[in-house]
J.: 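Take a look at this one; I'll ask things after.
Note on naming: letters A, B, ... go to the chains in the order of the sequence lines (proteins, then strands), and numbering restarts at 1 for each one. It should be emphasised that the depicted structure is a prediction, and the values quoted were computed from it without experimental measurement.
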Protein chains: 2
Amino acid sequence: MLRLREIPIAFSGSPLDRADHVRSDPAALAELATPDARLLRLDGLAPVLVDEGALEWTTLADAPEGSELVFLGLDGAVACFAPVPPPTALGTPHAGPANWAAMSVLGADELAIYGSARALISWHARHRFCAMCGAPTVLAKGGWSRSCTNAACATEHFPRVDPVTIMSVENDGKLLLGRQPRFPAGRYTTLAGFVEPGETIEEAVARETFEEAGVRVRDVTYVASQPWPFPSSLMIGCHAHTDDTEIVIDATELEDARWFTRDQVAQALEAGDRGEVGEAFNAPPKHAIAHVLLRNWVEQGG
Amino acid sequence: MLRLREIPIAFSGSPLDRADHVRSDPAALAELATPDARLLRLDGLAPVLVDEGALEWTTLADAPEGSELVFLGLDGAVACFAPVPPPTALGTPHAGPANWAAMSVLGADELAIYGSARALISWHARHRFCAMCGAPTVLAKGGWSRSCTNAACATEHFPRVDPVTIMSVENDGKLLLGRQPRFPAGRYTTLAGFVEPGETIEEAVARETFEEAGVRVRDVTYVASQPWPFPSSLMIGCHAHTDDTEIVIDATELEDARWFTRDQVAQALEAGDRGEVGEAFNAPPKHAIAHVLLRNWVEQGG
């Protein structure tokens, strides 16, 4: 796949060909689903790593009897699948310790393959019933949809991708960063929030920044995007300016929000690269698009 | 709300304050839900217009007994609501004749209010059951979520917003536009497709353009976005370049795709402004972000 930006975006750049034409062609799909096609090994939703820090693959011959399988795409001529976990093995849809560990050891290609698989199987596992009529649903189109089994309903459901705006907000050479109570010690990062029905990206950036920090933005620009598979967000990274200096935090969302200078942000990123905590704050990890936004601001001035 | 771009984006710029703090505060919500609070009149999912071409409003006193109500936001101090239609009154989630008629007469503010309401009530009406366990769900947080009524499940569900990439693709001063069989006569427009789990915006643009037209893109840039409430898309408008000239269409998606010169696109847009069909093709209507992308390309060269 294309790599369109100079700063790497974790979970992007999957080497698999999604082969959309195969998904809606049951005969082609059946032909690819041979016993020696590849099956991603998973522990529920979490990746299983082999010693050297790579994803573990097995073959379709090892797939549990009757388990639903998602077609991830083609690696050359070889089809790759992932199993949908049973409802008892779901855990949280958010990133757990096994996921952060995987992020720290997996290469970009493998992380992208796991991310796509994770978002899809998590969606399947949580959508076993039809939201329209309540009847059971079954996996369809190689795992790129689910169909209602109630013939009178027969609604087709598609995997969710939830757009989230995440924004570096600047005033006179200082950046607005906030922290939630659940964050690691000293961590400050960019504000973020889901795009709601009826909003543009720019409007969502403005609303979220005002709701969370009481700051009005102008001149919103797009920086980069990231698929974040916990559970299935499309992070839309933006930069914005504000003329407001006073911060009024929404205490239900944030514990604190502050302005940081470019030197402070640059130092915190450098410290983070060395596995250390910055002097002014603990910068977001490199797998988060917040890190990309901070680096973009330091290097390109916005 | 802010108006951040010079070319108007239909369905954006709602004058209502979404008042997020009210949604999760049942007491505040109850205080606003007085009999004289405003209730949007709807015919199923379609808007009801008063003679002069404005949205028709009634009051909460007229709400059908037991009907679910979505809190749209505040117009000054007055709360605005919309009723969720019964399953029998749904029709298609896509834009029907009543919607296109409304687009042609409603002002920007009213179109934005209707768009948000439409996306929300359509989602509620199609999510009366829990995808996790199949039990009935009930409206919660003033209509900004639904809760599963099965205490053992109690999953909270949030309105969907589906990100869609839509892209003007250029090669040496010519633009790639395609048509689907269902389009009006002569209509050509930008290619588009849903962002899938595991993709950046730029990757989705590249995949969709290659799938639909066999053309490889480079240098993808973001142009503008639009909330499109049929049923609830976030249209993410991009521009891209290609070095390929040969088009290979996916006949399951497109009937034709061609290159158009800047003069042809400019003339088609001008003809459209006069309510006429262009010489080379019939340009997309001004309420579609495709129109904005075409105008952006003609006026700014990309």
Side-chain angles (χ1 to χ4, degrees), chain A residues 1-2 4-5 9 11-14 18 20-21 24 112 115-117 119-120 123 126-137 144 155 157-163 194-203 206-207 211 217-222 224-227 229 232 234 236 250 252, chain B residues 1-2 4-5 9 11-14 18 20-21 24 112 115-117 119-120 123 126-137 144 155 157-163 194-203 206-207 211 217-222 224-227 229 232 234 236 250 252:
Chain A
M1 283 298 296
L2 301 176
L4 295 153
R5 303 203 71 87
I9 306 282
F11 299 107
S12 75
S14 173
R18 290 169 176 255
D20 177 63
H21 58 284
S24 30
S116 292
L120 280 165
W123 176 77
R126 293 170 203 283
H127 289 76
R128 293 183 187 276
F129 294 88
C130 177
M132 189 78 183
C133 79
T137 56
W144 293 85
T155 299
H157 301 275
F158 297 94
R160 274 182 87 121
V161 174
D162 296 311
F194 289 98
V195 179
E196 295 188 345
E199 288 183 322
T200 62
I201 290 170
E202 293 79 3
E203 288 175 327
R207 178 184 52 74
E211 278 177 12
V217 302
R218 59 175 168 80
D219 300 327
V220 178
T221 49
Y222 168 82
S225 61
Q226 177 187 42
S232 187
L234 174 67
I236 304 174
D250 173 1
T252 64
Chain B
M1 284 298 295
L2 302 174
L4 296 154
R5 302 203 71 87
I9 306 282
F11 298 107
S12 75
S14 171
R18 289 168 176 254
D20 177 62
H21 58 283
S24 30
S116 292
L120 280 164
W123 176 77
R126 293 170 201 282
H127 290 76
R128 294 184 187 275
F129 294 88
C130 177
M132 189 78 182
C133 79
T137 56
W144 294 84
T155 300
H157 301 274
F158 296 94
R160 272 183 88 121
V161 173
D162 297 311
F194 288 97
V195 179
E196 294 188 346
E199 289 184 321
T200 63
I201 291 170
E202 293 79 2
E203 288 175 328
R207 178 185 51 75
E211 278 177 14
V217 301
R218 58 175 169 79
D219 301 327
V220 178
T221 50
Y222 169 80
S225 62
Q226 177 187 43
S232 187
L234 174 66
I236 303 175
D250 173 0
T252 64

J.: Where does B:Pro229 contact chain A at under 4.5 Å (heavy atoms): side chain, backbone, both or neither?
T.: neither

J.: For A:Ile201, is it the side chain, the backbone, both or neither that has a heavy atom under 4.5 Å from a heavy atom of chain B?
T.: both

J.: Could you walk me through whether A:Glu202 and B:Ser225 satisfy the side-chain hydrogen bond (donor to acceptor under 3.5 Å, both in side chains) test, starting with their C-alpha distance in whole Å, then the side-chain angles of each, then the deciding distance to 0.1 Å, before giving a yes or no?
T.: CA-CA 8 Å; A:Glu202 293 79 3; B:Ser225 62; 3.2 Å; yes

J.: Please name all residues satisfying side chain to side chain donor-acceptor pair (under 3.5 Å) with A:Thr137, sequence neighbours left out, ordered by chain then number.
T.: A:Arg146

J.: Any idea which of A:Ala135, A:Cys133, A:Pro136 has the most non-hydrogen atom pairs under 4.5 angstrom with chain B?
T.: A:Cys133

J.: Counting heavy-atom pairs under 4.5 Å to chain B, which of A:His21, A:His127, A:Glu196 comes out on top?
T.: A:Glu196

J.: With chain B, which of A:Ala131, A:Gly198, A:Pro227 has the greatest number of heavy-atom pairs at distances under 4.5 Å?
T.: A:Ala131

J.: Quick one: which of B:Ala117, B:Ser116, B:Ala119, B:Pro197 has the most heavy-atom pairs under 4.5 Å with chain A, could you say?
T.: B:Pro197

J.: Report the residues that fulfil side chain to side chain donor-acceptor pair (under 3.5 Å) with A:Arg160, sequence neighbours left out, ordered by chain and then residue number.
T.: A:Asp162

J.: Does the distance from a Lys or Arg side-chain N to an Asp or Glu carboxylate O, for B:Arg18 and A:Glu211, drop under 4.0 Å?
T.: no

J.: Closer than 3.5 angstrom, by distance alone: can the side chain of A:Glu203 be matched with the main-chain N or O of B:Gly13 as a donor-acceptor pair?
T.: yes

